[in-house]
Amino acid sequence: MIIEIIISHIDFYVIERLRELRVRSTPYIDQVELAQRIGVSEGYLGQIENPKSRAKYNMRMLSRAAKALGLKSYQDILPTEVLKDDMVKIRLKLLKSDTKKHEVDETGNVKKRFDIISIKPLNDDELMKWNNRDLEYLTIIEK
């Protein structure tokens with residue numbers, strides 16, 4: 001399945017980074033445990049990590065997640081440089097998973113849930129439509 005989402009580039013980065021840190025944690029922390037540690041429901045955390053959902057972390061949840069994952073700095077979550085674009089359209093090819101558990105492969109990389117096909121900044125017209133709620137968050141491009 002190929003989808004296109006409209007999201008803040010920083011939100012997308014942070015969501016994926018925290019998921020990666022969670023999956024790589026030793027011992028492994030699943031969504032249920034992290035949700036309990038940061039004070040949200042398992043379902044809500046699942047929505048945050050699902051690219052088809054608009055749910056996002058807020059600053060308080062980021063702080064709690066950093067503590068729950070034993071991070072020493074918020075810099076472990078944030079990009080090393082300021083991202084060039086604010087709101088972006090991200091086209092993703094969702095990959096089929098043979099398991100619900102997110103695993104790390106033999107090289108230590110978190111197994112991918114999707115391939116990023118493209119990331120494009122919203123143009124002025126699209127940004128105006130987004131701000132007026134005239135653009136959808138999610139578009140299914142191909143089933």
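- A distance of 8.0 Å separates CG of Leu78 from OH of Tyr13, quoted to the nearest 0.5 Å.
- Closest non-hydrogen pair, Leu127 versus Met87, comes out as CD1-CG, 4.0 Å.
- Between Lys129 and Glu126 there is no salt bridge, since none of the side-chain N atoms of the basic residue sits less than 4.0 Å from a carboxylate O of the acidic one.
- Taking every heavy atom of both residues into account, Ala68 and Ile38 meet most closely at CB-CG2, 4.5 Å.
- Side-chain atoms of Tyr28 do not come within 3.5 Å of backbone N or O of Arg22 as any donor-acceptor pair.
- Within 6.0 Å of CD on Glu20 lie more than 12 heavy atoms contributed by other residues, nucleotides or ligands.
- Minimum heavy-atom separation, Ile15 to Ile48: CG2-O, 3.3 Å.
- Here the CZ atom belonging to Arg19 is positioned 8.5 Å from the CD atom belonging to Gln31, to the nearest 0.5 angstrom.
- The minimum heavy-atom distance between Ala66 and Ile77, with the atom names listed, is CB-CD1, 3.9 Å.
- A donor-acceptor pair under 3.5 Å links the side-chain atoms of Arg113 to the main chain of Glu49, judged by distance alone.
- Annotation: side chain of Lys56 is not in contact with side chain of Val14 (no heavy-atom distance under 4.5 Å).
- Phe12 has its side chain out of reach of Leu83: every pair of non-hydrogen atoms, C-beta onward, lies at least 4.5 Å apart.
- Here the side chains of Leu92 and Ile116 are in contact, with some heavy-atom distance below 4.5 Å.
- The same ILVMFWY cluster, assembled from side-chain heavy atoms under 4.5 Å apart, contains both Leu135 and Ile119.
- Val88 and Pro121 get closest at one heavy-atom pair: CG1-CA, 4.0 Å.
- At least one side-chain heavy atom of Pro51 sits less than 4.5 Å from a side-chain heavy atom of Leu94.
- Around CG of Asn123, the count of heavy atoms belonging to other residues, nucleotides or ligands within 6.0 Å exceeds 12.
- Side-chain heavy atoms closer than 4.5 Å link hydrophobic residues (I, L, V, M, F, W, Y) into clusters, and following such links, possibly through other members, connects Tyr57 to Ile29.
- Using a 4.5 Å heavy-atom cutoff, the side chains of Leu122 and Lys89 are in contact.
- The NZ atom of Lys93 sits 12.5 Å away from the CE atom of Met1 when rounded to the nearest 0.5 Å.
- Side-chain atoms of Tyr137 come within 3.5 Å of backbone atoms of Ser53 as a donor-acceptor pair (strictly under, hydrogens ignored).
- Cluster membership for Leu18 and Val23, using ILVMFWY side-chain heavy atoms within less than 4.5 angstrom, is not shared.
- Residues Asp115 and Arg91 have side chains not in contact (no heavy-atom distance under 4.5 Å, counting atoms from C-beta outward).
- For Arg37 (side chain) and Arg64 (main-chain N/O), no donor-acceptor pair under 3.5 Å exists by modelled atom type.
- Note on Ile3: it does not cluster hydrophobically with Ile141, by side-chain heavy-atom contacts below 4.5 Å among ILVMFWY residues.
- For the atom pair CG (Asp125) and CG (Asp134), the distance works out to 10.0 Å, reported to the nearest 0.5 Å.
- Linking Ile, Leu, Val, Met, Phe, Trp and Tyr whenever their side-chain heavy atoms come within less than 4.5 Å leaves Ile90 and Val110 in two separate clusters.
- Across every non-hydrogen atom of Leu45 and Ala35, the tightest pair is CD2-N, 3.6 Å.
- Inter-residue side-chain proximity for Met59 and Tyr74 is flagged as unmet; no heavy-atom pair is nearer than 4.5 Å.
- When atom types are taken as modelled, the side chain of Asn132 and the backbone of Met128 share a donor-acceptor pair closer than 3.5 angstrom.
- The structure places CD of Glu136 at 8.0 Å from CZ of Arg54, a figure rounded to the nearest 0.5 Å.
- Atom CD1 of Ile140 is separated from atom CD1 of Ile2 by 11.5 Å, given to the nearest 0.5 angstrom.
- Between the side chain of Glu33 and the backbone N or O of Asp30, no donor-acceptor pair lies under 3.5 Å.
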